[in-house]
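Shown next, in structure tokens, is the structure this report addresses.
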2 protein chains.
Amino acid sequence: MTVKIKDVAKRAGVSVTSVSRVLNGEKYVSEDVLARVNEAIEELKYSPSHIARSLKKQKTNTIGVIVPDLTSNFYSTILSSIEENASKYGYNLIVCNIAENLSKELKYLYIFQEMRVEGIIIMHEKTNDDIVSFVQNATMPILFSSVKSPDPTFMSVLIDDYQAAFDATEYLIDAGHTAISYLGGDLQDITSGQSRYNGFRDALIKHEIAINPDYIKFGDYKLPSGQALMKELLALPNRPTVVFAASDDMAVGALNCALDQGLYVPDDISIIGFDGSTITNIVRPAITSMQQPIYEMGQISLESLHRLITRPKTQQKTDIVLQHELVVRDSCKKIN
Amino acid sequence: MTVKIKDVAKRAGVSVTSVSRVLNGEKYVSEDVLARVNEAIEELKYSPSHIARSLKKQKTNTIGVIVPDLTSNFYSTILSSIEENASKYGYNLIVCNIAENLSKELKYLYIFQEMRVEGIIIMHEKTNDDIVSFVQNATMPILFSSVKSPDPTFMSVLIDDYQAAFDATEYLIDAGHTAISYLGGDLQDITSGQSRYNGFRDALIKHEIAINPDYIKFGDYKLPSGQALMKELLALPNRPTVVFAASDDMAVGALNCALDQGLYVPDDISIIGFDGSTITNIVRPAITSMQQPIYEMGQISLESLHRLITRPKTQQKTDIVLQHELVVRDSCKKIN
DNA sequence: CTGAAAGCGCTAACAG
DNA sequence: CTGTTAGCGCTTTCAG
């Protein structure tokens with residue numbers, strides 16, 4: 001069928017061992033053998049079997065990635081960064097887009113295990129017992145990127161959501177806002193939903209600003225959700241002067257809702273986002289957003305996973321907290 | 001080390017063959033054996049090795065995907081569709097984001113080959129001799145999605161770029177425009193660059209509208225390129241009344257450039273895009289765009305590849321041309 | 001420096 | 001219905 005190492009050996013007039021040696025760039029091969037083997041490989045168009053090699057070496061150079069939504073700019077950017085760095089370290093990526101489907105995630109975690117991936121990166125916004133239990137019993141390192149790990153024994157690369165939301169809220173307060181709305185993700189999730197909301201709330205408390213329950217609404221981090229929630233907000237008799245959306249997609253949804261109702265942003269109402277996805281810089285007005293270091297997050301996730309894979313013993317499994325940064329654009333008005 | 005089929009067999013008190021049989025859901029296993037094997041699997045937390053299985057069966061259930069840019073909404077949406085359908089057919093996806101880097105693409109094509117993927121889907125905008133030669137000599141089916149294949153013997157799933165651009169242009173002409181600008185991708189590429197431009201040009205010719213060379217500009221399909229080209233356009237003494245951007249990203253770039261200069265779209269200048277990415281519906285004004293059936297493209301790509309894999313003989317390798325559709329939004333004014 | 005041979009974990013005849 | 005055994009294509013002792 002396909003040409004194998006034996007064929008190359010025969011053609012080069014050497015043993016399979018020698019071929020294997022040049023394949024793996026070992027020393028202790030004579031110039032002569034090296035040349036003949038390379039020639040034979042060339043002539044036969046030999047392509048070594050990664051599968052056979054993996055089986056023998058018990059090493060696949062593969063890592064699995066769980067993405068919650070490939071079409072989201074935020075996640076596809078992290079994935080892009082993960083891919084770039086994986087490639088640098090010689091890992092191949094097998095990716096699963098769960099699209100909200102937790103049973104698909106679980107299924108793929110088992111597939112990853114059967115494929116003997118060397119590590120797994122999970123980015124999901126929700127989880128369930130089966131998944132947590134898989135993670136706890138897993139034999140390969142698993143790392144959570146941009147989301148909290150289900151329990152402190154697992155490593156996670158993320159920002160301090162609480163502090164970031166707190167800082168964003170203080171920025172709004174400093175700009176003179178007191179009628180502040182919060183459009184959040186689902187509080188029940190393991191995600192940042194709770195932390196971001198708490199950061200928002202505590203900033204208001206610190207500055208002794210009363211929380212108007214009408215201004216607090218929860219959706220699902222996606223654009224249509226921001227749009228729908230904003231619609232409710234705008235229907236209120238007394239509107240907020242600014243809305244803090246807990247994701248950029250929600251912020252854009254809110255922006256579009258306002259724009260479509262003929263309002264001007266930020267003159268009629270201000271909007272601030274969260275994530276720092278490129279979309280904030282694409283829409284008009286460009287949206288002020290609490291930026292996560294997306295590229296860095298992918299990079300550090302991969303580097304950390306690599307360390308976990310190669311030196312499992314020496315690695316502490318503590319979270320890595322990256323720096324957030326408020327990027328001021330054109331969607332927030334000062335109303336001092 | 002890890003538990004293997006032999007351990008399960010021993011534990012269940014049967015032969016490895018029997019275990020293998022229940023693993024593969026074959027008939028001819030007694031209730032009794034089935035139960036005991038499943039119990040042993042459970043107790044030992046046995047996870048069958050996909051690698052060993054692949055080696056033996058000479059089948060990996062894996063396909064490789066080359067994506068030009070993961071952060072692009074257009075490609076990540078196709079990828080998402082490919083992933084969803086791959087999962088349906090039981091394929092695992094290994095993905096490479098080439099990010100304009102053709103030598104990375106070539107490297108990964110060889111990796112895909114070593115991994116014995118069963119098929120490859122390529123979405124790239126450029127190519128070179130090495131890649132073409134790889135494709136021509138490849139032993140596994142290779143399919144081009146959303147882009148033209150380098151030569152007619154390879155299958156490609158795409159729209160009729162020429163006709164789509166022609167239709168979009170006629171729409172503009174019907175709306176009364178004669179001062180029409182074209183912002184294109186690179187004509188030299190194997191991409192749709194040439195076809196789209198030709199469609200545009202021929203529509204003008206058919207309607208006897210002179211082509212103003214100042215209005216024809218080429219960039220790279222990305223947002224900043226559209227922005228820069230638009231800037232040149234707006235600096236012209238006599239501006240076009242509409243600009244046809246050959247990609248949605250370019251259209252958004254053009255839109256932002258116009259907006260940032262204080263112009264109103266479509267009142268001061270109209271814009272039409274190409275691709276039908278979700279971004280066209282997110283910006284304001286929403287952009288009229290010639291839409292590719294993105295989801296369907298991913299689905300049909302995967303189905304076709306699957307057919308190529310399972311029934312290589314019976315499959316014709318002709319291109320599959322999908323229907324384009326103009327989606328009218330708010331960025332084009334009638335000027336009759 | 002080079003080669004023979006023993007597996008890596010699994011499936012698939014083949015024989016019972 | 002069940003078990004024995006020979007590989008799948010490669011790497012790696014272990015001897016030369």
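Lettering follows sequence order; numbering is per chain, from 1. These numbers were taken from a predicted model, which means no experiment stands behind them.
The bend of the helix from C/dC1-D/dG16 to C/dG16-D/dC1, defined by the angle between the axes of its first five and last five pairs, stands at 40° to the nearest 10°.
Going from atom CG of A/Leu55 over to atom P of D/dC8 covers 13 Å, rounded to whole Å. For the pair A/Leu23 CG and D/dC10 P, the computed distance is 8 Å after rounding to whole Å. Protein atom CD1 of B/Ile5 is 19 Å distant from nucleotide atom P of C/dG7, rounded to whole Å. Rounded to whole angstrom, the span from the CD atom of A/Glu31 across to the P atom of C/dT2 amounts to 10 Å. A/Lys56 places its NZ atom 14 Å from the C1' atom of D/dG7, with the value rounded to the nearest Å. In this structure, the CD atom of A/Glu26 is 14 Å from the P atom of C/dG3, given to the nearest Å. One can place CD of B/Glu114 at 12 Å from C1' of D/dC10, the figure rounded to the nearest angstrom. Between the P atom of C/dG9 and the NZ atom of B/Lys6 lies a distance of 10 Å, rounded to the nearest Å.
Proximity of a side-chain donor or acceptor of B/Asn128 to a complementary backbone N or O of B/Asp130 within less than 3.5 Å is detected.
The shortest side-chain heavy-atom distance between A/Val8 and A/Val14 does not fall under the 4.5 Å cut-off.
If you check the side chains of A/Ser47 and B/Arg116, you find a donor sitting under 3.5 Å from an acceptor. Counting only N and O atoms by type, the side chains of A/Ser156 and A/Ser149 include no donor and acceptor under 3.5 Å apart. Under the 3.5 Å distance criterion, with hydrogens and angles disregarded, a donor-acceptor pair is assigned to the side chains of A/Ser301 and A/Ser145.
The OG1 atom of A/Thr71 lies 7.5 Å from the CG atom of A/Asn97; values are rounded to the nearest 0.5 Å. To the nearest 0.5 Å, atom CG of residue B/Leu143 and atom CG of residue B/Asp319 are 9.0 Å apart.
Of the listed nucleotides (C/dC1, D/dT11, D/dA6), C/dC1 has the atom at the smallest distance from the side chain of A/Tyr28. Checking D/dT11, C/dT11, C/dC8 against the side-chain heavy atoms of A/Lys57 singles out D/dT11 as nearest. When the nucleotides D/dT2, C/dT2, D/dT12 are ranked by their closest atom to the side chain of A/Val29, C/dT2 comes out on top.
Here B/His306 pairs with B/Tyr89, B/Tyr91 under the ring pair (Phe, Tyr, Trp, His ring centres under 6.0 Å) rule; sequence neighbours left out.
At the phosphate of D/dG9, neither OP1 nor OP2 sits under 4.0 Å from any side-chain N or O atom of A/Ser49. Side-chain nitrogen and oxygen atoms of A/Gln58 include at least one within less than 4.0 Å of the OP1 or OP2 phosphate oxygen of C/dG9.
Between B/Phe144 and B/His124, the two ring planes are tilted [angle within 30° to 60°].
Within the structure, salt bridge (Lys or Arg N to Asp or Glu O under 4.0 Å) pairs that include any residue of residues 38-63 of chain A comprise A/Arg11-A/Glu43, A/Lys59-A/Glu118 (at least two apart or interchain). Sorted pairs that involve residues 50-88 of chain A and meet ring-ring contact (aromatic ring centres under 6.0 Å, His included), not counting sequence neighbours, are lacking altogether.
A/Ser30 comes within 4.0 angstrom of sugar-phosphate atoms only, judged by non-hydrogen atoms across all strands, and of no base.
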Listing time: all N or O pairs from protein to nucleotides 14-16 of chain D that are below 3.5 Å?
none

List the steps and the verdict of side chain to side chain donor-acceptor pair (under 3.5 Å) for A/Asp32 and A/Ser30. CA-CA 5 Å; A/Asp32 178 49; A/Ser30 63; 4.9 Å; no
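A heavy-atom distance below 4.0 Å to DNA chain D is reached by these residues of residues 10-19 of chain B, ordered by number: B/Val14, B/Ser15, B/Thr17, B/Ser18.
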